[in-house]
Enquirer: 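Quick one: this structure, given as C-alpha cells, is what I'll be asking you about.
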Amino acid sequence: MSDELYGTVTIDEDAIQNALDHSSEDHAHIREVLAKALELKGLNADDVAALMRIQSQELEEELFETARKAKMEIYGRRLVLFAPLYVSNLCANDCTYCAFRSKNKAVKRRALSQEEVAEETRIIINQGHKRILLVAGESYPREGIEYAFKCIDTIYNTKSEWGEVRRINVNLAPLTLDEFQGLKDRRIGTYQLFQETYHRDTYSKVHLSGKKRDFDWRITAMDRAMLAGIDDVGIGVLFGLYDWRFELLALLQHNTHLEERFGVGCHTISVPRIEPAVGSDLSEHPPVPVSDKDFRKLIAILRLTVPYTGIILSTRENPEMRREALALGVSQISAGSRTNPGGYHEESYDMSQFSLGDHRSLDEVVEDIAHLGYIPSFCTGCYRLGRTGKDFMDLAKPGLIKHYCEINALSTFAEFLEHFASPATQEVGNELIDRIIEEQPPTRKERASTVVRKVRAGDRDVYV
Ligand code: SAM
Ligand code: SF4
C-alpha cells in the first residue's frame with residue numbers, strides 16, 4: 001500500500017520526437033513567438049520547439065535579449081541565495097553519474113550525527129545564509145526517513161549569535177504519501193527532486209540498481225508531495241544524459257500535468273549539468289553533453305516559457321557561466337557550497353558528490369553580484385507568511401509579488417551587510433542599496449528606505 005503511486009504522469013515521447021524532427025529555422029514564426037513571450041504569459045510546446053530551432057546568431061541574440069527583458073521585468077535585480085547542506089552520502093542506488101552510487105568504494109560513507117548537523121548549520125548561518133537546501137543519498141541510518149526529519153528539526157532549532165535558518169528546502173529521494181505528510185509537518189519550503197532524464201530508455205540505462213530504477217515511482221513523487229499538502233515543488237533534469245531539447249519539452253509536460261491536476265505547476269526548476277564525479281566514468285564523458293552555447297539557449301527558453309517559475313543554478317557552474325545565466329533567467333543560486341557531508345566544518349571538498357565550478361565564498365559571490373548590480377536576497381517572507389503554491393502564483397502572475405520581493409531583498413541584503421560582509425562587500429553593497437532606493441517610484445521609496453533604516457539601526461528579520 002505504501003508504494004502506491006497516487007497518480008500517473010505520461011510523457012508523450014512521440015509528440016516530442018515529432019516536434020524535434022522539424023528542424024528548419026522559420027525566422028518570421030520565431031519572431032512571432034518572441035513577441036508573444038514578451039507578454040509574460042508563458043509559451044506552449046509548439047512555441048518552445050520553434051525557439052529550439054534557432055541556429056543563426058542573429059536570432060539567438062534576439063532570443064537572449066527577449067529573455068533578459070523578461071527576467072528584468074519580473075525579477076528586477078533580485079537574486080535569491082542559498083547553501084546546500086549534505087547530511088549523508090549513504091546510498092542504496094547505483095546511478096552511473098554520481099559519486100555516492102552504492103558501487104563506489106572510493107567514497108567513505110557517512111551520515112552526520114545531529115550534533116554535526118547543528119555544527120554545519122552554525123557555520124552556514126555564520127556565512128550569512130538564511131536558506132538551506134538539505135540533501136542526502138537514498139538510504140538512511142537505522143531510523144529510516146525519521147533521520148532526515150530529525151535533521152530538519154535540528155537545523156531549524158540551531159541558533160547562532162547572528163541569526164538562524166529561516167527556510168529549509170529539501171532534495172530527498174521520492175517518499176510515500178505518509179512520509180510526505182511527515183515532511184509537510186516539518187514546515188519545509190520547497191520539496192525538490194530531479195527526474196534526471198525524462199527519456200525512459202536512457203533512464204533505465206543510467207540507473208543500474210536500487211529503488212531509483214523505478215521511473216514511475218520517481219516521476220509521480222510530485223503528485224504525492226502535492227497530495228500531502230506540499231505546494232511548492234521543484235523539478236529538474238540532469239543535463240548531459242540525453243538530448244536537452246527532448247528533456248525541456250518533457251519537463252514542460254510534467255509541469256503541465258501538475259498545473260492540470262493541482263491548479264499550480266512547479267515552484268522552481270533546476271538546471272544541473274553533469275560534472276565529473278569520483279567513481280563515475282560516465283560523468284567524465286556525459287553521453288549527450290550540453291555545450292555552453294546550448295546551455296545559455298535552454299536557460300533563455302525556460303525563462304520565457306515559465307516566466308514566474310524560479311530557475312536554480314548551483315555551484316556546478318563556473319563564475320563566468322553563472323554571471324551570464326543570471327542575466328538570461330536564473331533567479332536563485334547557491335554560494336559557498338560544499339557537497340560532502342561535514343564539508344563546511346572540515347573545510348574540504350573531499351568525497352564530494354561531484355566537482356564544483358565555483359569555489360568562492362558567499363562573501364565573494366555577494367560582492368561580485370552586487371558589482372553587477374544584482375541585489376542578493378536572503379528573503380524567506382513568502383513562505384513564512386503562507387504565500388506558497390497557488391497563492392504565490394496568483395500574486396506573481398499579475399506582477400504583484402515583486403513589490404514584496406524588492407523590499408524584502410533590500411532588507412535581507414542590508415542585514416547581511418551589517419554582520420557578515422567584508423569591508424569591500426559592505427562598500428559596494430551599501431552603495432547599491434542606496435542607489436536602488438533612490439530609483440524606486442515615489443509610492444515605494446518611503447517604504448523601502450524605512451525598512452532599510454530599521455535594519456541599519458539594529459532591527460532584524462524585517463519583512464513584508
Ligand atoms: N539522492 C537523491 C536523489 O538522487 O534524488 C537526492 C540527492 S542527489 C545527491 C541530488 C542530485 O544531484 C541528483 O538528483 C542529481 O541530479 C545530481 N547529481 C548527481 N550526480 C551528479 C554529477 N556528477 N554532476 C552534477 N549533478 C549530479
Ligand atoms: Fe544516490 Fe542520489 Fe547519487 Fe543516485 S544521485 S547515487 S540516488 S545520491
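Position 1 is the first residue of the sequence, and the numbers go up from there. Indexing begins at 1, ligand by ligand and atom by atom, following the structure's order.
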Enquirer: Go through T256 and Q253 one step at a time and tell me if the side-chain hydrogen bond (donor to acceptor under 3.5 Å, both in side chains) criterion holds.
Expert: CA-CA 5 Å; T256 304; Q253 288 188 6; over 6 Å; no

Enquirer: For K211, is there an ion pair with E138 - N to carboxylate O distance below 4.0 angstrom?
Expert: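 Salt bridge between E138 and K211, a charged N being under 4.0 Å from a carboxylate O: no.
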
Enquirer: Taking only heavy atoms of G137, which atoms of ligand 1 are found under 4.0 Å from at least one of them?
Expert: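 Near G137, meaning under 4.0 Å from one of its heavy atoms, ligand 1 has 1 (N).
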
Enquirer: What I want to know is whether Y97 and ligand 1 share at least one N or O pair that is separated by under 3.5 angstrom.
Expert: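 Checking ligand 1 against Y97, an N or O pair does fall under 3.5 Å apart.
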
Enquirer: Could you see which bit of N93 sits under 4.0 Å from ligand 1, with heavy atoms only: side chain, backbone, both or neither?
Expert: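 Under 4.0 Å from ligand 1, N93 contributes no heavy atoms.
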
Enquirer: Of the backbone atoms (N, CA, C, O) and the side-chain heavy atoms from C-beta on, which set of R218 has a member under 4.0 Å from an atom of ligand 1: side chain, backbone, both, or neither?
Expert: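 It is the side chain that gets close, since no backbone atom is under 4.0 Å.
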
Enquirer: Side chain, backbone, both or neither: which part of N171 comes within less than 4.0 Å of ligand 1 when only heavy atoms are counted?
Expert: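 The answer is both, backbone and side chain.
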
Enquirer: Using a strict cut-off of 4.0 Å, indicate which atoms of ligand 1 neighbour a heavy atom of I274.
Expert: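 Numbered from 1, ligand 1 contributes 24 (N), 25 (C).
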
Enquirer: Below 4.0 angstrom, N of the basic side chain to O of the carboxylate: do D232 and K390 qualify?
Expert: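 Not counted as a salt bridge, because no side-chain N and carboxylate O are separated by less than 4.0 Å.
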
Enquirer: Could you see which bit of C98 sits under 4.0 Å from ligand 1, with heavy atoms only: side chain, backbone, both or neither?
Expert: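 Looking at C98 and ligand 1, atoms from backbone and side chain both fall under 4.0 Å.
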
Enquirer: Kindly identify the option in E275, R316, Q192, E196 whose heavy atom sits closest to atom 26 (N) of ligand 1.
Expert: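 Considering heavy atoms of E275, R316, Q192, E196, the nearest to atom 26 (N) of ligand 1 sits in R316.
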
Enquirer: Using a strict 4.0 Å cut-off to heavy atoms of L193, name the atoms of ligand 1 that fall inside it.
Expert: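 Close to L193: 5 (O).
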
Enquirer: Tell me the closest heavy-atom pair linking N104 and V107, and the distance in Å.
Expert: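 Scanning both residues completely, I find the closest heavy atoms to be ND2-CG2, 3.6 Å.
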
Enquirer: Measure up the F413 and F416 rings against each other and bin them: parallel (under 30°), tilted (30 to 60°), perpendicular (over 60°).
Expert: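 Plane angle under 30°, so parallel.
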
Enquirer: Distance under 4.0 Å to a non-hydrogen atom of V135: what atoms of ligand 1 satisfy this?
Expert: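 Heavy-atom distances to V135 below 4.0 Å select 7 (C), 9 (C).
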
Enquirer: How far is atom 12 (O) of ligand 1 from the closest protein heavy atom, and which atom is that?
Expert: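 The closest heavy atom on the protein side is Q353 NE2, 3.1 Å.
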
Enquirer: Tell me: protein heavy atom nearest atom 21 (C) of ligand 1, and distance?
Expert: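 So the nearest neighbour among protein heavy atoms is F354 CD2, 3.7 Å.
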
Enquirer: Enumerate the atoms of ligand 1 whose separation from the nearest heavy atom of A277 is less than 4.0 angstrom.
Expert: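 In order of number, 23 (N).
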
Enquirer: Do the two ring centres, one from H254 and one from Y198, sit under 6.0 Å apart?
Expert: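 Centroid separation for H254 and Y198: below 6.0 Å.
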
Enquirer: Does a side-chain N-to-carboxylate-O contact under 4.0 Å join E164 and R166?
Expert: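 R166 and E164: salt-bridged.
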
Enquirer: Are Y203 and H199 an aromatic pair, judged by ring center distance below 6.0 Å?
Expert: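 No, the ring of H199 stays outside the 6.0 Å limit from the ring of Y203, centre to centre.
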
Enquirer: Nearest non-hydrogen contact with atom 1 (N) of ligand 1 belongs to which option: A136, C91, S88, G210?
Expert: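 Going through A136, C91, S88, G210 one by one, A136 has the nearest heavy atom to atom 1 (N) of ligand 1.
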
Enquirer: What protein N/O/S atoms sit under 2.8 Å from atom 1 (Fe) of ligand 2, by chain and number?
Expert: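 Near atom 1 (Fe) of ligand 2, the protein supplies C91 SG.
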
Enquirer: Relative to ligand 1, is K212 under 4.0 angstrom through side chain, backbone, both or neither, heavy atoms considered?
Expert: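 Within the 4.0 Å criterion, K212 contacts ligand 1 through side-chain atoms alone.
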
Enquirer: Less than 4.0 Å between a side-chain N and a carboxylate O, is that true for R384 and D461?
Expert: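 Yes, this pair counts.
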
Enquirer: May I ask you to check whether Y308 and F392 place their ring centers less than 6.0 Å from one another?
Expert: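 For Y308 and F392, the ring centres are not under 6.0 Å apart.
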
Enquirer: Determine, for D358 against R323, whether the closest basic-nitrogen to carboxylate-oxygen distance falls under 4.0 angstrom.
Expert: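 A salt bridge is absent here (no side-chain N lies under 4.0 Å from a carboxylate O).
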
Enquirer: What I want to check is whether the side chains of Y86 and Q353 have a donor and an acceptor closer together than 3.5 Å.
Expert: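 Yes, side-chain donor-acceptor contact under 3.5 Å.
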
Enquirer: Between T121, V117, I155, which is the residue that forms a side-chain contact (heavy atoms from CB on, under 4.5 Å) with L134?
Expert: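 Testing L134 for a side-chain contact (heavy atoms from CB on, under 4.5 Å) against T121, V117, I155 leaves exactly one candidate, I155.
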
